[in-house]
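Take a look at the structure below.
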Amino acid sequence: MEKLLLRNVDKENSHTIDVYLSGGGYRAFKKALKEMTPDDVVEEVKISGLRGRGGAGFPTGMKWEFAAADVKEPKFFVCNADEGEPCTFKDRVIIEKDPHALIEGMLIGAYATGCRYGYIYIRGEYPIGRKILERAIAEAYERGFLGENILGTDFSFDLYVHSGAGAYICGEETALIESLEGKRGEPRIKPPFPVNAGYLWKPTVVNNVETLANVPLIIERGGKWYSQIGSPDCPGPKLFPVSGKVKRPGVYELPMGTPLEEIIFEHAGGIVKDRKLKAVFPGGASSSVLTSEEINVPMDFPSLAKAGTMLGSGAIMVLDETDCIVKATLRLTEFFRHESCGKCTPCREGTDWLVRILRRIEEGKGSEDDLDVILSISETMENSFCGLGMAAHNPAASTVRKFKDEYLLHVKLGRCPFRSV
Ligand code: NAD
Ligand code: SF4
């Protein structure tokens, strides 16, 4: 497949505006600004079928339509670059290697929705990305793509970078907005959705980095062209970060809907030392596990939902036969316990109890009843206030269901069978 999202990343100095312009950069923005009305742009994105790449897969054109229809001013356009899910490192490639594609996507989105100010909220752990973005924004101002009356039109847009302080919950869009306002990053109740009441309670579009990098392609080549790539009801190119026990870990650009098995065994080279694949978390750390018998599944939002898990950020984490499923689950759940903001009881208490129970099973001190307790806690966590708590129990609940024998072996042996004695 022709490289689309990663078309620039192997070029020398790909992060500079000169290299971006020499490859046709900012042509789509000029086209939108000079030849299309804001409504035309929204319509083109709707035709493309682009769905958000942050994890939830909400239709981007629809989000923009809602924001464009809101008359409150000023409106804000925010890029969520708080990429914090364990094993998710796809946005980083765009931020560091092709920052102008992100800025161009934001400019087109801001024009389409009538936003005057923009923020890129980048995770604190991406200091290099922050510097690269700041330099790219300065270059875009110098060349007249940002600021007042851009390219002689009445469209004005100012863009700033804001760095997070290391809290995973700030990737949740309403916690991100709270943090941007200078407050503690805790989620707000939804609705109202940010498109109507976001930053400073004004209409605010929040889009993920990868989502925005798709936008110049759609405007330049057309929504119809884009809609024919990948899965019909979930089209476009997709970045898949693959990690764990594969021979060639990395970020792969493939059409949405590429089978998981193909990604692992063809693109990522198969399992290290040709061992057996044991399990895969197909959509980041908060997705439900798939067994080796379940990996012939198209990697898109509807197919993975049908398979009882989710595409999420598209981050594929592979475990082989030498990995302990209990230990892997414990590690993931420890992450969520640490990152739970503590605002609501099911998540604050649930993640803590899951960690305690998983740890005692892993240490060989658990009982068979613990498995039912894990499932019961998971059920309660479904009622958490935000997506973090609603999904944090997925690794525990799904591995207990699908790898029950391995959990029971820990109980029976009184130790981890994968640990040398
Ligand atoms: P969500 O379904 O609540 O919302 C998705 C987006 O659509 C949001 O921008 C929301 O404002 C918008 N939206 C939804 N319904 C709307 C409506 N009726 N009107 C207007 N706008 C509407 O999901 P979420 O909680 O924002 O995101 C959850 C996802 O984030 C999970 O699936 C998870 O995979 C992912 N995630 C990603 C990372 C990462 O690092 N990329 C980290 C953690 C979680
Ligand atoms: Fe905070 Fe977790 Fe509740 Fe979300 S689910 S509000 S992260 S405690």
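Order of listing sets the numbers, starting from 1, for every ligand and every atom in it.
- Here the heavy atom of the protein found nearest to atom 1 (Fe) of ligand 2 is C341 SG, 2.4 Å.
- Annotation: atom 3 (Fe) of ligand 2 to nearest protein heavy atom, C344 SG, 2.3 Å.
- At least one N, O or S atom of C386, from either the backbone or the side chain, sits less than 2.8 Å from atom 4 (Fe) of ligand 2.
- Y26 and F29 have perpendicular rings, their planes meeting at more than 60° on a 0 to 90° scale where under 30° would count as parallel.
- Within ligand 2, the atoms closer than 4.0 Å to a non-hydrogen atom of S384 are 5 (S), numbered from 1 in the order shown.
- With Y126 as the aromatic partner, R123 meets the cation-pi criteria of under 6.0 angstrom to the ring centre and within 45 degrees of the ring axis.
- Of all protein heavy atoms, the one lying nearest to atom 11 (O) of ligand 1 is E173 OE2, 2.4 Å.
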Just distance, no hydrogens or angles: give the donor-acceptor pairs under 3.5 Å from side chains in residues 59-70, sequence neighbours left out.
residue	atom	partner	partner atom	Å
K63	NZ	V206	O	2.7
W64	NE1	N207	OD1	2.8
E65	OE1	K46	NZ	3.0
E65	OE2	K46	NZ	2.9
D70	OD1	K72	N	3.1
D70	OD1	K72	NZ	3.3
D70	OD2	K72	NZ	3.1
D70	OD2	N196	ND2	2.8

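- With hydrogens and angles left out, the side-chain atoms of E368 and Y407 include no donor and acceptor closer than 3.5 Å.
- Each of the atoms 6 (S) of ligand 2 lies under 4.0 Å from some heavy atom of P187.
- Below 30°, between 30° and 60°, or above 60°: for H267 and Y252 the angle between ring planes is between 30° and 60°, a tilted geometry.
- When hydrogens are left out, the protein atom nearest atom 26 (O) of ligand 1 is K190 NZ, 3.4 Å; that is the closest non-hydrogen contact.
- For atom 2 (Fe) of ligand 2, the closest heavy atom belonging to the protein is C347 SG, 2.4 Å.
- Within the 4.5 Å cutoff, side-chain heavy atoms of L332 are placed close to those of F281.
- Ranking protein heavy atoms by distance to atom 36 (N) of ligand 1, first place goes to G54 O, 3.6 Å.
- Ionic pairing of E220 and R7 is not present here: no N-O contact between side-chain nitrogen and carboxylate oxygen is shorter than 4.0 angstrom.
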